[in-house]
Amino acid sequence: MQKIKLCGMMKPCDIEYANRVKPDLVGFIFANTRRKISPAQAKQFREALDAEIPAVGVFVNEDISVITSLVQNGCIDMIQLHGEEDADYIRRLREICDVPVIKAVKVQMVEQIRQAAALPVDYLLLDTYRKGVLGGTGEAFDWELLREAKIVAGDTAEGELFGKPYFLAGGLHAGNLREAAALGSYGLDVSSGIETDGSKDFTKMVEVMELVRKF
Ligand SMILES: O=C(O)c1ccccc1NCC(=O)[C@H](O)[C@H](O)COP(=O)(O)O
C-alpha cells in the first residue's frame, strides 16, 4: 500500500485531525513560509501526535545545528531537505542525525531526479518547481516527466526511481489522487489539497485518506 504524508501541520487541531485519520507520516515546516512552526510548537505537536506516526521536519538550506537540535529534542523523526543541500551537507548532517532523510526535487527535467538519487539519502520527494516559491505550491508538475524518468531509470522495484523510493508531491488533492497513485510512487504527499482558506480541513483530510486507503 502506498504511504501517505500529510504535510504542513500548523495548529494543535491539525494534530488532532491527523491522530483521527492516521496518515503514515506528517510534515512540520521549518522553512520561512506561512506554514512555518517554531521548535516549541513542534515539541508540543510531537507530544500530542500518535506515537506511531513519524513527524518529518521540512527544511530549506537550514543550519545543520538547527536540524540536529530538533532531532535530538525528539521534535522530529525524519528530515526532508527542500533546498539546494548537496552531498557534503547531507553527509555532515547524517554523521550527527541518525534518522531517515528525504531529498526534495523540484522537477523540471529527468536529469535532476537522477542526480538527486545519487545523494546519500533514503527517499526522494518529487515536487513542483515554481520560481520564487520554496514549496507547498498547490500545483502539480508535468507528470510526463515522471513517466519519462521511469523509462530512463528502468527500475524494477515498485515505487523506486534510480534505486530510491520516492514520494509524489505537488498539487495533489482528492480529484487527482487516483491518477497520481497510478503512477506507482512509494508514497503520496498532500498539503494544499487538504486545506481550505489556508487552514487544514478535516473533511478534506478524511476524503484523501479514504481514497488512498482504497487504492
Ligand atoms: O508547504 C510549505 O509551505 C513548504 C515550504 C517550504 C518548503 C517545503 C514546503 N512544503 C513541503 C512539502 O512536502 C509539501 O507537502 C509539498 O511541497 C507539496 O505541497 P502542495 O503542492 O501544497 O500539496
Around atom CD of Glu84, are there more than 12 heavy atoms of other residues, nucleotides or ligands at under 6.0 Å? no
Tell me whether the count of non-hydrogen atoms from other residues, nucleotides or ligands lying under 6.0 Å of CG in Asp88 goes above 12. yes
Quick one about [Y] and [X] (side-chain donor to acceptor, distance below 3.5 Å, no hydrogens or angles considered), yes or no?
X	Y	result
Gln112	Lys106	no
Ser38	Lys43	no
Arg92	Thr68	no
Asp127	His82	yes

Minimum heavy-atom distance [X]-[Y], with the two atoms named:
X	Y	answer
Phe167	Lys5	CE2-CB, 4.5 Å
Val121	Ala116	CG2-O, 4.2 Å
Ala153	Leu161	CB-CD2, 4.1 Å
Phe30	Glu62	O-OE1, 4.2 Å
Leu49	Ala55	CD2-CB, 4.1 Å
Met9	Ala18	SD-CB, 4.5 Å

Does [X] come within less than 4.0 Å of [Y], counting only side-chain N to carboxylate O?
X	Y	value
Glu195	Arg35	yes
Asp50	Lys22	yes
Arg20	Asp14	no
Lys103	Asp122	no

Kindly indicate, with the supporting measurements, whether the criterion side chain to side chain contact (heavy atoms under 4.5 Å, CB included) is fulfilled by Phe162 and Val152. CA-CA 9 Å; Phe162 299 100; Val152 173; 4.2 Å; yes
[X] side chain near [Y] side chain, heavy-atom distance below 4.5 Å:
X	Y	answer
Leu188	Lys3	no
Pro23	Ile53	yes
Val56	Val26	no
Val101	Met78	no
Leu172	Asn176	yes
Val190	Val212	no
Cys97	Ile79	yes
Asp155	Lys150	no

Can the ring centres of Phe202 and Tyr17 be said to be less than 6.0 Å apart? yes
Centroid-centroid under 6.0 Å between Tyr186 and Tyr123 rings: yes
Of [options], which is the lone residue that meets side chain to side chain contact (heavy atoms under 4.5 Å, CB included) with [X]?
X	options	value
Leu81	Leu125, Leu119, Leu93, Val58	Leu93
Ser69	Val71, Asn73, Val66, Ile67	Asn73
Leu126	Leu145, Leu146, Asp189	Leu146

Can you tell me how far [atom2] of [Y] sits from [atom1] of [X], rounded to the nearest 0.5 angstrom?
X	Y	atom1	atom2	value
Lys11	Glu16	NZ	CD	12.0 Å
Lys204	Ser199	NZ	OG	11.0 Å
Asp142	Glu148	CG	CD	9.0 Å
Phe141	Thr128	CZ	OG1	6.5 Å
Ile15	Met10	CD1	CE	10.5 Å
Ile29	Ile37	CD1	CD1	8.5 Å

Checking salt bridge (Lys or Arg N to Asp or Glu O under 4.0 Å) for the pair Glu207/Lys214: CA distance, chi angles, key distance, verdict? CA-CA 11 Å; Glu207 193 182 6; Lys214 268 189 221 152; over 6 Å; no
In terms of hydrophobic clusters joined by side-chain contacts under 4.5 Å, are [X] and [Y] together?
X	Y	result
Ile4	Leu25	no
Ile76	Val99	yes
Trp143	Leu124	yes
Leu183	Leu211	yes
Phe59	Tyr129	no

Test side chain to side chain contact (heavy atoms under 4.5 Å, CB included) applied to Val208 and Met205, step by step: CA-CA 5 Å; Val208 157; Met205 285 166 81; 5.9 Å; no
Would you confirm whether Ser191, through its side chain, and Cys7, through its main-chain N or O, come within 3.5 Å as a donor-acceptor pair? yes
Donor-acceptor check, side chain of Lys200 to backbone of Gly8, threshold 3.5 angstrom: yes or no? yes
Go through the steps for Val60 and Leu134 under the test side chain to side chain contact (heavy atoms under 4.5 Å, CB included), then give the verdict. CA-CA 8 Å; Val60 175; Leu134 298 176; 4.0 Å; yes
Pair Met1, Asp24 - check side chain to side chain contact (heavy atoms under 4.5 Å, CB included), show working. CA-CA 11 Å; Met1 198 191 288; Asp24 297 291; over 6 Å; no
